[in-house]
Amino acid sequence: MANVSKVLHASGDAACFLKNLNIADTDRACLMEAREKVRDCLRKTFAALTKQELGVTVHPRFFTQGSFAYRTINDPCWTPPQQMDLDDGAYLPMTFIQGVQRPSVAATAFFKVVDAALEKLAKEEGWQFGKKPTCSRLVISSNSHIDVPLYAIPDAEFEKLEKQMKSFDAMARDARVDSDDRWDALPSDCVLLAHREHDWISSDPRKIRDWFVEAIKIYGPVLRRVCRYLKAWRDHHRPHLDDVSSILLMVCAFEACEDLGRPNVPGRDDLALLRIAERLPRLLEGPVYNPTDRDERVDGRLSAASRRIAIDMAKKFDAELTEIVEKCFDPEEAIERLTALFGDRIPDQIDLVDVTKAAHAEIRSHAPRIAAAPTVGKSTSA
């Protein structure tokens with residue numbers, strides 16, 4: 001048995017895999033600076049637009065979501081094409097959106113305003129601008145980008161984000177609505193995400209963030225670390241696991257912990273990862289539901305083919321990790337096999353692998369057996 005917990009995670013200045021996954025301070029600062037430029041650009045854009053058109057000023061609110069919010073972001077394994085991804089949602093009050101146009105037109109208009117502003121900003125900053133179905137994307141460097149999804153949020157919720165929000169009921173300019181394109185046909189008690197092809201879809205990223213915060217309270221920081229190990233494993237095995245989303249891995253890790261039960265989730269990182277890896281192939285068979293919305297599946301983007309690949313690779317991951325943690329007594333071999341699983345960010349330090357205590361623990365775990373004394377024949381001296 002090899003205790004490789006210190007290879008994965010260590011406190012203080014000690015080297016470990018998790019530290020090698022952290023993004024550099026310079027990259028983090030660059031992302032934060034770019035995010036503020038994006039926010040400032042959209043604040044000015046909407047302030048000018050609404051002042052001119054409505055005589056009042058609307059300030060969008062912003063909410064960082066995704067791995068930055070969950071603190072599960074890893075430095076990319078392969079650059080290019082992998083990049084750090086900062087998702088920063090822009091929110092406007094529902095009445096403002098409703099007052100502008102009918103739903104399909106409002107979504108298009110929302111994107112048009114934001115795209116034009118961000119494309120101009122990208123040219124000024126030397127960034128690349130792009131459009132995704134649910135967001136505008138700004139590639140700010142070879143290894144990082146910022147996605148800006150657009151939301152319409154119920155006024156009561158918006159007031160939590162913007163206390164000085166005003167009413168815009170008199171803003172309606174296009175009274176034409178029909179039965180297929182009515183605001184009252186959309187969910188009125190939830191956050192709506194603008195979609196370039198489907199107009200508006202119900203989606204509130206705050207719920208996922210809140211769910212993950214509660215999950216960490218239940219299972220401890222080891223759950224967050226295991227999520228990062230799983231993401232690192234996925235990223236190392238590109239492109240085979242490219243369709244396995246981060247949220248899918250996070251939910252699988254949580255479901256595995258639920259299956260184990262809180263008292264049985266190991267405190268040691270390698271054992272916790274192993275217990276979760278054992279359950280990963282079965283969980284990837286699906287269905288895997290959004291823990292905040294049982295009508296939504298988080299494994300939905302897996303095709304049948306990519307699901308089979310993910311399950312097969314998860315089985316190999318489980319088998320190899322089992323060999324390392326439960327059957328390997330050679331530190332050098334343990335490091336080599338971990339490197340094959342996760343890449344060369346596994347520290348090449350055999351002193352981080354403890355096989356001595358593990359071997360003693362293995363011996364002590366078995367009841368002593370009493371064997372008959374060997375028969376000793378008579379000896380005859382010459």
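- When all heavy atoms are compared, the tightest approach of His236 to Gly343 is CE1-CA, 3.3 Å.
- Within the 3.5 Å criterion, the main-chain N or O of Ile218 finds a donor-acceptor partner in the side chain of Arg262.
- Under a hydrophobic clustering in which Ile, Leu, Val, Met, Phe, Trp and Tyr are joined whenever their side-chain heavy atoms come within less than 4.5 Å, directly or via other members, Leu18 and Leu341 fall into the same cluster.
- Residue Asn290 holds its CG atom at 9.5 Å from CG of Asp295, rounded to the nearest 0.5 Å.
- A distance below 6.0 Å separates the ring centres of Phe342 and Phe17.
- For the residue pair Thr64/Arg35, the side-chain donor-acceptor check at 3.5 Å is satisfied.
- Looking at every heavy atom in both residues, Leu352 comes nearest to Ala15 through CD1-O, 3.7 Å.
- For the atom pair OG1 of Thr134 and CZ of Arg137, the computed distance is 9.0 Å after rounding to the nearest 0.5 Å.
- Taking CG of Leu274 as the reference point, atom CD of Glu326 lies at 5.5 Å (rounded to 0.5 Å).
- The minimum heavy-atom distance between Ser203 and Pro205, with the atom names listed, is O-CD, 3.7 Å.
- Residues Asp88 and Arg39 are paired through a salt bridge, judged by an N-O separation under 4.0 Å between the basic side chain and the carboxylate.
- When each of Val226, Leu223, Asn264 is checked for a side-chain contact (heavy atoms from CB on, under 4.5 Å) with Cys257, only Leu223 meets the rule.
- Around atom CG of Asp312, more than 12 heavy atoms belonging to other residues, nucleotides or ligands sit under 6.0 Å away.
- Around the CZ atom of Arg71, the shell of radius 6.0 Å holds no more than 12 heavy atoms that belong to other residues, nucleotides or ligands.
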For residues 106-131, please give each side-chain donor-acceptor pair under 3.5 Å, one per line with the distance, not counting sequence neighbours.
residue	atom	partner	partner atom	Å
Thr108	OG1	Ser104	O	3.0
Asp115	OD1	Ser136	OG	2.6
Asp115	OD1	Arg196	NH2	3.1
Asp115	OD2	Arg196	NH1	2.8
Asp115	OD2	Arg196	NH2	3.3
Lys120	NZ	Glu124	OE2	2.8
Glu125	OE1	Lys37	NZ	3.0

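- Of the residues Pro81, Cys77, Pro76, the one that meets the side-chain contact (heavy atoms from CB on, under 4.5 Å) test with Thr79 is Pro76.
- Remark: Asp348 CG is loosely packed, at most 12 non-hydrogen atoms of other residues, nucleotides or ligands lying under 6.0 Å away.
- Both Met32 and Leu138 sit in one connected hydrophobic cluster of ILVMFWY residues. Membership requires side-chain heavy atoms under 4.5 Å apart, directly or through other members.
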Can Arg228 and Tyr70 be said to form a side chain to side chain contact (heavy atoms under 4.5 Å, CB included), step by step?
CA-CA 10 Å; Arg228 293 185 64 186; Tyr70 314 143; over 6 Å; no

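- Under a 4.0 Å N-O distance rule, the pair Asp259/Arg282 qualifies as a salt bridge.
- The shortest side-chain heavy-atom distance between Arg234 and Ser246 falls under the 4.5 Å cut-off.
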Output, in order, the C-alpha distance, side-chain angles, deciding distance and verdict of side chain to side chain contact (heavy atoms under 4.5 Å, CB included) for Phe63 and Arg209.
CA-CA 11 Å; Phe63 181 84; Arg209 196 282 305 267; 4.0 Å; yes

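- When only modelled atom types and interatomic distance are considered, Tyr151 and Asp204 share no side-chain donor-acceptor pair under 3.5 Å.
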Kindly indicate, with the supporting measurements, whether the criterion side chain to side chain contact (heavy atoms under 4.5 Å, CB included) is fulfilled by Leu273 and Leu230.
CA-CA 8 Å; Leu273 178 60; Leu230 292 177; 4.0 Å; yes

Under the salt bridge (charged side-chain N to carboxylate O under 4.0 Å, His left out) rule, what do Glu320 and Arg337 come out as? Steps first, then yes or no, please.
CA-CA 8 Å; Glu320 184 65 1; Arg337 298 178 84 156; 2.7 Å; yes

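- Following chains of ILVMFWY side-chain contacts shorter than 4.5 Å, one can reach Val222 starting from Ile276, so the two form part of one hydrophobic cluster.
- Checked by atom type and distance alone, the side chain of Gln65 never pairs as donor or acceptor with a backbone atom of Arg206 at under 3.5 Å.
- Distance OH/Tyr289 to CZ/Arg297: 5.5 Å, rounded to 0.5 Å.
- Ion pairing of Asp299 with Arg307 is present here, as a side-chain N (NZ or NE/NH1/NH2) and a carboxylate O approach within less than 4.0 Å.
- Taking 4.0 Å as the cut-off between side-chain N and carboxylate O, Arg43 and Glu36 count as a salt-bridged pair.
- Pro60 and Phe62 get closest at one heavy-atom pair: O-CE1, 3.7 Å.
- Of all non-hydrogen atoms in Cys227 and Ala253, the two that sit nearest each other are SG-CB, 4.0 Å.
- Across every non-hydrogen atom of Asn20 and Pro347, the tightest pair is ND2-CD, 4.1 Å.
- Checked by atom type and distance alone, the side chain of Asp270 pairs as donor or acceptor with a backbone atom of Val4 at under 3.5 Å.
- Side-chain atoms of Glu258 and Tyr219 include a donor-acceptor pair closer than 3.5 Å.
- More than 12 heavy atoms of other shown residues, nucleotides or ligands fall within 6.0 angstrom of atom CG in Asp351.
- Rounding to the nearest 0.5 angstrom, the gap separating the CG atom in Leu92 from the CG atom in Leu150 is 8.5 Å.
- In summary, Lys316 and Glu323 do not engage in a salt bridge, as defined by a charged side-chain N under 4.0 Å from a carboxylate O.
- Side-chain contact check for Asp75 versus Leu21: every heavy-atom pair is 4.5 Å or farther apart.
- Atom SG of residue Cys16 and atom CG of residue Leu8 lie 8.0 Å apart, to the nearest 0.5 angstrom.
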Give the C-alpha distance, both sets of side-chain angles, the deciding distance and a yes or no for side chain to side chain contact (heavy atoms under 4.5 Å, CB included) between Trp211 and Phe254.
CA-CA 10 Å; Trp211 159 77; Phe254 172 76; 3.6 Å; yes

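- A donor-acceptor distance shorter than 3.5 angstrom exists from the side chain of His195 to the backbone of Glu197, with no hydrogens or angles considered.
- Remark: side-chain polar atoms of Thr322 are paired, donor with acceptor, to backbone N or O of Asp318 under 3.5 angstrom.
- Side-chain contact between Asp147 and Leu86 is absent, with no heavy atoms from C-beta onward closer than 4.5 Å.
- Using a 4.5 Å heavy-atom cutoff, the side chains of Phe68 and Arg28 are in contact.
- For Asp40 and Lys44, the salt-bridge test passes: some basic side-chain N is under 4.0 Å from an acidic carboxylate O.
- Side-chain atoms of Lys6 never come within 3.5 Å of backbone atoms of Val353 as a donor-acceptor pair (strictly under, hydrogens ignored).
- Remark: the Arg345 side chain and the Thr339 side chain contain no N/O donor-acceptor pair separated by less than 3.5 Å.
- In the hydrophobic clustering of ILVMFWY residues, with side-chain heavy atoms under 4.5 Å counting as a link, Val251 and Leu283 come out apart.
- Ile23 and Val139 fall into different hydrophobic clusters, defined by Ile, Leu, Val, Met, Phe, Trp and Tyr side-chain heavy atoms under 4.5 Å apart, directly or through other members.
- Side-chain contact annotation: Asn3 with Ser5, donor-acceptor N/O pair under 3.5 Å absent.
- Glu278 and Arg275 are joined by a salt bridge, as a carboxylate oxygen and a charged side-chain nitrogen come within less than 4.0 angstrom of each other.
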Does the pair Asp269 and Tyr229 meet the rule for a side-chain hydrogen bond (donor to acceptor under 3.5 Å, both in side chains), with working shown?
CA-CA 10 Å; Asp269 279 36; Tyr229 303 145; 2.6 Å; yes

